[in-house]
Peer 1: 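Sharing a structure with you now.
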Amino acid sequence: MPPEQKVFNKIRLSRSIVGIKEAAALRRVIIKDGFLGMGQDVAYFEKELTDFIGGDIEVSCVNSGTAALHLAVMAVVKSGDEVLVPGLTFLATFQAITAAGAVAVACDIDPKTLLLDLKDAQKRLTPRTKALMLVHYSGGVGDLKAFYAFAKKHGLRIIEDAAHAFGTVYDGKRIGSCGDIICFSFDGIKNITSGEGGAVVTRDRQVAQFVKDARMLGIHKDSEKRFQGQRSWEFEVTHQGYRYHLSNLLAAIGRVQLQRFPVFCQRRRKIARRYMRLLGDCPGVELIDRDYETVVPHIFPVLIKAAKRDALRDYMLQLGIETGIHYYPSHWLDFFGGRSVSLPVLEKVYKEILSLPIHPGISSEDQTRVSVAIYNFMSENK
Ligand SMILES: *Cc1c(COP(=O)(O)O)cnc(C)c1O
C-alpha cells in the first residue's frame, strides 16, 4: 500500500493525561466526603504546592490561570495604570490586565528566546507604568535576574505568567519559589491539570491576603473559615471580589496530578530533547534554544522558514498529525489597539511559528512519524 493510503492513527497536539487515580479522587470527594466546594482538598492542594515549589511562599488556588492573573494584576495596579507585556502570549494574559482596569502595553520579543525584549520594554516606559508581566513562553524564563533588575530600577512590580512553566527550575529553584507574584494554570493540557484551575504564588503576605479574599467575593478571611468547614455569616468587604475559588473536586484531581508530576516532567523533557536531536539538521527548521535539564516544556514550538509554515501544517494534517500556532498576536485585535503598534520581531516570528505535538502520552513511534513528516516535506520543498 502506498504510504499516502495508509490509515494512520491521529497524533494530537496535546491532551489531558488523566485516569483511574483522578477518577478515584473524584469518587472519594463525591461519595465519601460529600463536600464539593472550597474546603479541605483545596487546603491540602495549597499545602502540597507550597512544599513542591519550596521557599517562604503563600499559594492561593483559584478556578483558572486567567483568574490568577486577573487577581495578581488587581493586587498591584490601579485603574489606568500601564502594564508592560510581551506580545507573544495567550489572549488570557492581555484580558487579565484589562479586566483589572489596567492598560496592556504590548512589547516586542527577543528573536532567540521568544521572551520579552527588555530594550523594547524600556522604550515603552511612561510615568504610568506600574508593572511588568513576564510570560514564560514554552517553559523558558530567560534571564530572570535581568528582568528583576529592570523592574527594581524603574519601581515596577513583576507578575510572572508561568502557565507554561510549572515545574521549571531557575538558579536551582523551582519557578514560584522566588520572585514577586507568580501565576500558574492547571487547565486540562498544562504540565499538571486540576480540570480547570490556577494559583497565585507570592512571598508578599498582603498580596496573598488580597487574592484569598478576592477569590471569595472579597469577604475578609473567609478562606480560613472554609478550610475548617465553616463560613462567615457576618463579615467585612473592602474591595471588589469574585467567585474565583477552586472547588474540592478540582483540587482532588490536582493533588493526584502533582504526585504524577515527576513522570510527566521526565516524559515532556525526553520528547523535547528527542525533537532537538531528530530535527537538529532539518533544512528550513530553526529550533528554539531551551535547556531541558531545567525547563519543563508545555509546548514545543519551532520556526519554519521560507514561508513554508502553512503548507507544512496542511501536509501534516493530511498525515493525521495535529500542530498548533502559539499565538495569534493580541496587539492585532481591535480590543487591544488593532495594530496601532508594530512589533516587527513578533510579527515575523508569528508567520514562522509551529507547535509540534508534545504531551506525556506520545509514543516514540508517533514522535518519529512527526519528525519524518517534517523532514520529508522540508527536504522536498527547499
Ligand atoms: C493557559 C494559559 C493561561 C490561562 O490559563 P487558564 O487556566 O486557561 O485560564 C494564561 N497564559 C498562558 C500563557 C497560558 O498558556
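In each ligand, atom 1 is the first atom listed, and ligand 1 is the first ligand listed.
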Peer 1: For Asp291, give me all partners under side chain to side chain contact (heavy atoms under 4.5 Å, CB included), at least two apart in sequence or on another chain.
Peer 2: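 Asp291: side chain to side chain contact (heavy atoms under 4.5 Å, CB included) contacts with Glu293, Thr294.
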
Peer 1: Are Arg260 and Glu22 within salt-bridge range, i.e. N to O under 4.0 Å?
Peer 2: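 Looking at Glu22 together with Arg260, the answer is yes, because their closest N to O distance falls below 4.0 Å.
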
Peer 1: Closer than 4.0 angstrom, basic N to acidic O: yes or no for Arg28 and Asp33?
Peer 2: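 Salt bridge between Arg28 and Asp33, a charged N being under 4.0 Å from a carboxylate O: yes.
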
Peer 1: In plain terms, say whether Glu58 and Lys212 are close enough for a salt bridge, that is, a side-chain N and a carboxylate O under 4.0 Å apart.
Peer 2: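 Here Glu58 pairs with Lys212 in a salt bridge, since their nearest N and O are under 4.0 Å apart.
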
Peer 1: Examine Arg174 relative to Phe52 and say whether NZ or CZ is less than 6.0 Å from the centre of the six-membered ring and inside a 45° cone about the ring axis.
Peer 2: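 Geometry flag: set, cation within 6.0 Å and 45°.
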
Peer 1: Taking the six-membered ring of Phe377 as reference, does the cationic atom of Arg313 (NZ for Lys, CZ for Arg) lie under 6.0 Å from its centre and within 45° of its axis?
Peer 2: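 Arg313 over Phe377 ring: no.
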
Peer 1: Could you tell me, for ligand 1, which of its N or O atoms are under 3.5 Å from any protein N or O, listing the pairs and their distances rounded to 0.1 Å?
Peer 2:
{"unit_1": "ligand 1", "atom_1": "5 (O)", "unit_2": "Ser185", "atom_2": "OG", "d": "3.2"}
{"unit_1": "ligand 1", "atom_1": "7 (O)", "unit_2": "Gly65", "atom_2": "N", "d": "2.7"}
{"unit_1": "ligand 1", "atom_1": "7 (O)", "unit_2": "Ser185", "atom_2": "OG", "d": "2.7"}
{"unit_1": "ligand 1", "atom_1": "8 (O)", "unit_2": "Asp187", "atom_2": "OD2", "d": "3.1"}
{"unit_1": "ligand 1", "atom_1": "9 (O)", "unit_2": "Gly65", "atom_2": "N", "d": "3.3"}
{"unit_1": "ligand 1", "atom_1": "9 (O)", "unit_2": "Thr66", "atom_2": "N", "d": "2.9"}
{"unit_1": "ligand 1", "atom_1": "9 (O)", "unit_2": "Thr66", "atom_2": "OG1", "d": "2.6"}
{"unit_1": "ligand 1", "atom_1": "11 (N)", "unit_2": "Asp161", "atom_2": "OD1", "d": "3.4"}
{"unit_1": "ligand 1", "atom_1": "11 (N)", "unit_2": "Asp161", "atom_2": "OD2", "d": "2.7"}
{"unit_1": "ligand 1", "atom_1": "15 (O)", "unit_2": "His164", "atom_2": "NE2", "d": "3.0"}
{"unit_1": "ligand 1", "atom_1": "15 (O)", "unit_2": "Lys190", "atom_2": "NZ", "d": "3.1"}
{"unit_1": "ligand 1", "atom_1": "15 (O)", "unit_2": "Tyr327", "atom_2": "OH", "d": "3.4"}

